[in-house]
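Following: one structure in structure tokens, then a few remarks.
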Amino acid sequence: MKMSIHSRQISRRTMLAGAAALGLTSTLAACGGSDDGDSGESSGPVKLTYWSWAPNMEKVAAIWNKKNPDITVTVSKQGSGAETLTKLITAKKAGNAPDLMQAEYQSLPTLVSNDVLADISKYIGDAKSDFAEGLWDMVTLGTDAVYGVPQDSGPLMFYYREDLFKKHGLSVPKTWTEFAETARAAKKAVPDAFLTTFSANDPGLFAGLSQQAGAKWWTVDGSGKWTVGIDDAATKQVADFWGGLVQEGVIDNQPMYTPAWNNALNKGTHLAWVSAVWAPGVLVSSAPDTEGKWRMAPLPQWKSGDNVTGSWGGSSTGVSTDTKHAEAAVKFARWINTDPEALAALVKEVGIYPAATKGQSGDVLTTPAFFPNQKDFYDTAAEIAATTATAAWGPNVQTAYTSFNDDFGSAAKSKKENQFASALATMQKKTFEDMKKQGFEVTEA
């Protein structure tokens, strides 16, 4: 899901060219609030509002406020990421968007297309050096602009029941071919169990797996013309792989986060889970009887010897085009996501896995209580996080995600590999047609 991410010749305005049909043409010249050199700063104390859905974010802001009495940040608690996205666009249209906002990586193109996010490149300094390349590229959208500071990340990993793998003589897969072999071996050893499930109720996992495979769901050229390639070869490989295993009957087809799924994890009828760094927090509530029985390993690779992972989740701190204090807002955005004290507070109070490399180690990241048998959990996690593939998104991610839920949901129920391929083709068609309807200049890969 890359947007020609290393193609620096495209400008921030050509990336938004499709927005002309949405009535934003007159605003593009000022989009970002930083092209004309006017910071919008005024003398005297500055008061900033920060929209965030993360718990206890106000406790982190309080640390800043104590040290920076001239720039006070007030956190306004919001709902989920998707809910906040809609509210931000509405607030922008009304001219009262907050100064700062928590924004999921996949939402950035939508926010930029709606002129919500400012280009903060002239204030950000050398912050790029604090992050892995793949994560930093998620906030640039393939341009020389910067639309946020990475806050948290969700590198994908492989979680497995160490006790059951040992009991049944199963090997931890290093490649997806080995993963399929392990799934077959697990089914043979425990006929009423599965290695794991293919879930169609959270598109973020499928997106991350496709990202690892090298998918390029959206790309944009130097003139602002978009290409939708959700059914590219990499994603087809992922869909066919999982569809084949579901049809074979060695991978379950049940959705995640249901009572049945919780029970499968807790009782050991699901022996593994492809998830992200935040998985221990889910297992605590979903599989409470399994504490100390899990272990984490790198994600299987498509090619032996490769070392790359995808991401599932994560967000950034962006600055609004409506703010009158862009420079002050950027100072806070950089501080909260790179300062050692702030990073420690984000881990302790908010419970996130920091995007900043220096926040991925240290005493504050103690071994998860649910993984007492893996003392190197966060050392391993940091090594994996550094291999996160670059991912960027298009301006209608929600359309693609809704199609995934609907069409892959039907495919999973059918247990037919060819239905997985059909679902991917439908996801491509719906996403392309939606962009065309919105007025973007768009073609298909």
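Numbers here simply count residues along the sequence, with the first being 1. This one's a predicted model, so the numbers in the text were calculated from it and none came from an experiment.
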Quiz item: Checking K77 against W53: charged group under 6.0 Å from the ring centre and within 45 degrees of the axis?
Solution: no
Self-check item: Residues R334, D130; criterion side chain to side chain contact (heavy atoms under 4.5 Å, CB included); working and verdict
Solution: CA-CA 10 Å; R334 180 168 181 176; D130 288 306; 4.2 Å; yes
Quiz prompt | T84 versus Q78, side-chain donor and acceptor atoms under 3.5 Å | solution = no
Quiz item: Within a reach of under 6.0 Å around NZ of K358, are more than 12 heavy atoms found that belong to other residues, nucleotides or ligands?
Solution: yes
Exercise. Would you mind telling me which of T197, D252, T196 makes a side-chain hydrogen bond (donor to acceptor under 3.5 Å, both in side chains) with H270?
Key: D252
Quiz item: Would the W226 and W218 ring centres measure less than 6.0 Å apart?
Solution: no
Practice problem: Classify the side-chain pair D232/T235 by whether it contains a donor and acceptor separated by less than 3.5 Å. | Solution: yes
Exercise. Please step through side-chain hydrogen bond (donor to acceptor under 3.5 Å, both in side chains) for the pair K92 and T321, ending with a clear verdict.
Key: CA-CA 8 Å; K92 171 59 189 178; T321 52; 3.0 Å; yes
Quiz item: Salt-bridged, E341 to K67, with N to O below 4.0 Å?
Solution: yes
Exercise. Tell me, please, which residues at least two apart from D152 pass side chain to side chain donor-acceptor pair (under 3.5 Å).
Key: S315
Self-check item: Value rounded to 0.5 Å, distance of CZ in F332 from OG1 in T317
Solution: 7.0 Å
Self-check item: Donor-acceptor contact present, side-chain D70 to main-chain P45, <3.5 Å
Solution: no
Quiz item: Do W176 and F241 have ring centres separated by under 6.0 Å?
Solution: yes
Practice problem: Hey, could you give me the CG/OG distance between D99 and S76, rounded to the nearest 0.5 Å? | Solution: 11.5 Å
Quiz item: If you round to the nearest 0.5 Å, how far is CH2 of W136 from OG of S316?
Solution: 10.0 Å
Exercise. Using the salt bridge (Lys or Arg N to Asp or Glu O under 4.0 Å) rule, collect all pairs that involve residues 364-379, keeping only residues at least two apart or in two chains.
Key: none
Quiz item: Any chance the rings of Y353 and W278 have centres within less than 6.0 Å?
Solution: no
Quiz item: Say you draw a straight line from CD of Q102 to CG of L85; how long is it, rounded to the nearest 0.5 Å?
Solution: 12.5 Å
Exercise. With W294 as reference, evaluate D163, L283, N373 under the side-chain contact (heavy atoms from CB on, under 4.5 Å) test and give the passing residue.
Key: L283
Exercise. Keeping the roles fixed (side chain from N266, backbone from D289), state whether a donor-acceptor pair exists under 3.5 Å.
Key: yes
Quiz item: Restricting to pairs with a member in residues 426-435, which pass salt bridge (Lys or Arg N to Asp or Glu O under 4.0 Å), not counting sequence neighbours?
Solution: D407-K430, K429-E433
Quiz item: Could you give the distance from OH (Y105) to OG (S107), rounded to the nearest 0.5 Å?
Solution: 12.0 Å
Quiz item: Pick from F420, F408, F179, F206: which one makes a ring pair (Phe, Tyr, Trp, His ring centres under 6.0 Å) with W242?
Solution: F179
Quiz item: Is a donor on one side and an acceptor on the other found under 3.5 Å between the side chain of N65 and the backbone of V73?
Solution: yes
Quiz item: Under 6.0 Å from the NZ atom of K436, do we count more than 12 heavy atoms belonging to anything else shown?
Solution: no
